[in-house]
Amino acid sequence: MTKIKMREQDPAERVKNFNEVAMGLSEEDAVAEAKRCLQCKKALCMSGCPVEIDIPAFIKDIVEGKYEKALFKIREKNSLPAVCGRVCPQEDQCEKACVLSKKGAPIGIGYLERFVADWELKKKREYVAHTDLPKESPAHKKHAHGKKVAVIGSGPAGLTCAGDLANMGYDVTVFESLHKPGGVLMYGIPEFRLPKAIVEAEMNYVKHIGVKLEVNFLAGKTGTIDELREQGFKAFFVGIGAGLPYFLGVEGENLNGIYSANEFLTRTNLMKAYLFPEYDTPIRVGERVGVVGAGNVAMDSARCALRLGAKEVSIIYRRSEQEMPARREEIIRAKEEGIRFELLTNPTKFFGDEKGWVKGAELLRNELGAPDASGRRRPVPIKGSEFRMKLDTVIIAVGQGSNPLLPATLPDLKVTDDGTIVCNDDLMTSIPGVFAGGDIVTGAATVISAMGMGKKAARSIDKYLMS
Amino acid sequence: MPYKILEKARLNSVVWKIKVHAPTPAKAARAGQFIILRIDEKGERIPLTISDADPAKGVLTIIFQEAGKTTKKMAAMKAGDSFADVFGPLGKATHFGKIGKVVLVAGGVGIAEILPVAQYAKTCGNFVATIIGARTKELLILEDELKKWSDRLIVTTDDGSYGTKALVTGPLKELLEKEKFGLCYCVGPDIMMKFVAETTRPFGLKTFVSLDANMVDATGMCGTCRVTVGGKTRFTCVDGPEFDAHLVDWDEFLKRQKRFVDEEKASLAAFGEQHKECMHKV
């Protein structure tokens with residue numbers, strides 16, 4: 001038996017809408033998949049999970065039809081199951097470690113996680129009325145200590161840290177700079193990969209277990225860490241993500257029609273520019289779109305561009321297919337949708353018209369040389385391989401760095417040359433009581449690694465405040 | 001709802017002054033900073049300069065001109081209504097300190113944005129000469145308020161209906177030919193700021209402009225507000241909004257300001273169809 005296939009929207013149809021591509025498992029399929037689990041005594045899958053979910057236990061609950069119990073089992077470790085079931089790279093984590101993956105048929109752990117989370121959402125539980133949560137819910141743990149902790153940033157790292165601290169009994173407030181919480185889950189990952197209603201529902205759960213939320217608060221500007229200290233906050237978790245867009249630094253990059261992926265995705269996802277003019281935020285997408293980069297953010301941008309009406313969308317990537325950092329699943333879906341791949345290719349210049357609109361790029365072909373620091377083979381430009389591509393929209397998706405805004409207001413905070421925050425093994429920064437985690441510490445990484453760090457920081461904060 | 005409009009007053013046929021309840025931003029606000037405002041769930045995020053802040057009462061004063069859909073909608077709102085979001089203060093605060101003699105130049109609704117700068121400049125102990133201009137007398141705002149904070153005030157109108165018949169650059173040039181200043185600070189329409197930069201350049205007078213770029217998050221995350229200053233890409237939201245006017249790539253900036261012009265027109269037209277009462281002539 002192989003890993004179960006999840007139904008997906010047909011590629012020809014789905015490029016015309018923003019509805020979710022992967023449609024989830026039916027109850028019958030989920031139970032059948034769960035039954036394949038060998039219930040290993042020494043569960044290797046768990047060693048592959050950055051947040052240590054008791055995977056065999058929740059799968060057993062599914063086999064027995066106890067979906068709610070399965071969900072609580074997951075929630076003991078992970079307050080965002082509907083999100084992780086969708087966007088975790090399970091193929092590199094739990095499913096890779098699964099005993100059955102040796103035979104090429106790991107259990108679809110992510111699919112099952114999503115199934116129980118969706119099952120609950122379908123029941124339309126809105127996490128508002130405390131009374132309808134069963135007793136074993138973590139929400140019923142009392143606020144034992146009540147000490148105030150501030151979590152800066154409401155992305156995956158912050159929400160996880162906040163959720164865990166609330167469960168331990170702390171009085172947690174999450175400060176978010178945008179008008180909606182969720183961080184990259186809200187502004188970055190598109191609706192068709194992670195519906196925003198799902199993120200909102202998960203957010204409601206975190207609020208339900210006692211976490212307070214303050215939006216429109218930019219730490220360092222709206223208020224400083226010192227001011228929050230004066231308001232009684234005893235410890236801080238900084239999970240502000242990798243918010244600074246990298247550009248290529250080539251000529252013509254500020255032409256109209258050239259977006260950072262952050263801008264393109266924020267307009268589309270957070271501001272719902274795909275519903276313009278019903279929603280007020282505009283976005284302009286031409287017929288021929290080039291997306292520079294080949295990570296998940298690049299795939300998301302390319303697939304958004306297609307849905308926004310582009311006729312031809314190309315991924316432009318300096319290395320070969322093998323080195324593309326995006327999830328395999330997303331590359332396949334992008335291909336199915338007709339995204340073109342210009343591999344071993346690098347733009348060296350953008351050119352535009354007299355009104356300042358981008359009209360195309362000049363590019364160079366590469367070949368692969370010796371491996372570089374990342375272990376991947378370094379792209380080396382081929383002399384005389386210059387060529388031009390006509391483009392009327394360009395999206396730069398070559399990674400994100402650390403936003404220096406908050407660190408700049410904290411002179412005692414140690415940061416690296418890249419601007420990431422330096423932490424000790426307990427994720428405490430150079431300022432006592434200030435902890436950090438997620439992309440602001442590691443540089444751009446995954447949702448689940450950020451969540452893992454949020455979890456670890458919650459334990460460290462507890463240790464710090466209890467000592 | 002937190003961000004309630006407490007007062008609303010008309011300053012001229014297209015410019016409004018509102019006081020909005022926003023205690024946290026009001027506490028931290030400094031001259032030169034701005035907020036991001038979103039009217040409702042479907043609204044866009046627009047940057048607006050903070051004209052005044054009362055930290056004790058938790059009130060921000062915002063002066064805006066009706067231009068696009070969002071500002072038209074704002075103009076139609078009443079005291080007691082609320083905005084979905086008021087976010088800030090954002091951008092770097094004005095911090096030129098005591099220079100000696102400074103000349104402030106403002107045009108149109110930019111006059112509202114120069115007021116806190118005048119207040120700051122005077123409070124720092126500078127001699128403040130202020131030049132304000134408008135197309136016509138009716139559009140001129142805040143003359144009395146600026147008088148309070150200026151040692152000298154020069155008023156121009158394009159049509160000569162009030163003050164000197166000139167663009168602001170005329171009296172500016174005359175002033176610089178006669179007297180030595182340590183700093184020029186300018187806020188106004190993009191094209192005016194460009195010409196003020198060209199006017200002060202031959203005098204070697206350090207000149208700041210406060211740019212009003214289209215923004216989304218305004219926290220340095222999206223880069224839509226990027227501008228080339230001294231050959232380097234800067235983000236108006238976090239590196240600005242003040243920049244050295246002589247280092248700004250004005251040609252690129254003016255072109256970038258037009259990147260959503262078609263969409264803005266379409267949006268306004270669609271809004272106008274449904275709200276004819278809001279579409280009086282500007």
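Below, read A as the first sequence line, B as the second, and so on, with proteins coming before strands; counting in each chain starts at 1. Since the model is a prediction, treat every value here as computed from it, not as a measurement. Reckoned from all heavy atoms, side chains included, excluding hydrogens, waters and symmetry mates.
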Might you confirm whether atom [atom1] of [X] has over 12 heavy atoms from other residues, nucleotides or ligands at distances under 6.0 Å?
{"X": "A:Glu287", "atom1": "CD", "result": "no"}
{"X": "B:Lys258", "atom1": "NZ", "result": "no"}
{"X": "B:Lys27", "atom1": "NZ", "result": "no"}

For this session: Tell me the residues of residues 33-42 of chain B whose non-hydrogen atoms fall below 4.5 Å from those of chain A, in number order.
Result: B:Gln33, B:Arg38, B:Glu41, B:Lys42
Exercise. Which atom names give the shortest non-hydrogen contact between A:Arg284 and B:Phe260, and what distance separates them?
Worked result: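 Closest approach of A:Arg284 to B:Phe260: N-CE2, 3.9 Å.
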Problem set entry | Neighbours of chain B found in residues 212-225 of chain A - heavy atoms under 4.5 Å |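 When heavy atoms of chain B are the reference, residues 212-225 of chain A contributes A:Glu214, A:Asn216, A:Phe217, A:Leu218, A:Lys221, A:Thr222 within the under-4.5 Å range.
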For this session: Under 4.5 Å, heavy atom to heavy atom: which of residues 271-280 of chain A reach chain B? Give them by number, or say none.
Result: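 Residues of residues 271-280 of chain A touching chain B at under 4.5 Å: A:Met271, A:Phe276, A:Pro277, A:Glu278, A:Tyr279, A:Asp280.
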Donor-acceptor pairs are to be reported for all side-chain atoms of residues 238-255 of chain A against protein atoms at under 3.5 Å, with residues two or more places apart or in another chain.
| residue | atom | partner | partner atom | Å |
| --- | --- | --- | --- | --- |
| A:Glu253 | OE1 | A:Leu248 | N | 3.3 |
| A:Glu253 | OE1 | A:Gly249 | N | 2.7 |
| A:Glu253 | OE1 | A:Val250 | N | 3.4 |
| A:Glu253 | OE2 | A:Leu248 | N | 2.5 |
| A:Asn254 | OD1 | B:Arg226 | NE | 2.7 |
| A:Asn254 | ND2 | B:Thr228 | OG1 | 3.1 |
| A:Asn254 | ND2 | B:Thr233 | OG1 | 3.2 |
| A:Asn254 | ND2 | B:Glu252 | OE2 | 3.4 |

For this session: Using non-hydrogen atoms and a 4.5 Å limit, figure out which bit of B:Asp251 sits close to chain A: side chain, backbone, both or neither.
Result: neither
Problem set entry | side chain to side chain contact (heavy atoms under 4.5 Å, CB included) between A:Tyr187 and B:Met221, worked out | CA-CA 10 Å; A:Tyr187 74 76; B:Met221 195 182 84; 3.7 Å; yes
When rounded to the nearest 0.5 angstrom, what distance separates [atom1] in [X] from [atom2] in [Y]?
{"X": "A:Ile258", "Y": "B:Arg256", "atom1": "CD1", "atom2": "CZ", "answer": "8.5 Å"}
{"X": "A:Phe264", "Y": "B:Thr224", "atom1": "CZ", "atom2": "OG1", "answer": "12.0 Å"}
{"X": "B:Thr219", "Y": "A:Leu406", "atom1": "OG1", "atom2": "CG", "answer": "11.5 Å"}

For this session: Against chain B, work out which of A:Asn403, A:Asn256, A:Asn262 has the most heavy-atom pairs shorter than 4.5 Å and name it.
Result: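 Greatest number of close heavy-atom pairs with chain B: A:Asn256.
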For this session: Would you confirm whether B:Asp85, through its side chain, and A:His179, through its main-chain N or O, come within 3.5 Å as a donor-acceptor pair?
Result: no
Exercise. Taking B:Gly68, B:Pro89, B:Ala28, B:Pro25 one by one, which has the highest count of heavy-atom pairs under 4.5 Å against chain A?
Worked result: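 Max contact count across the listed options: B:Pro89.
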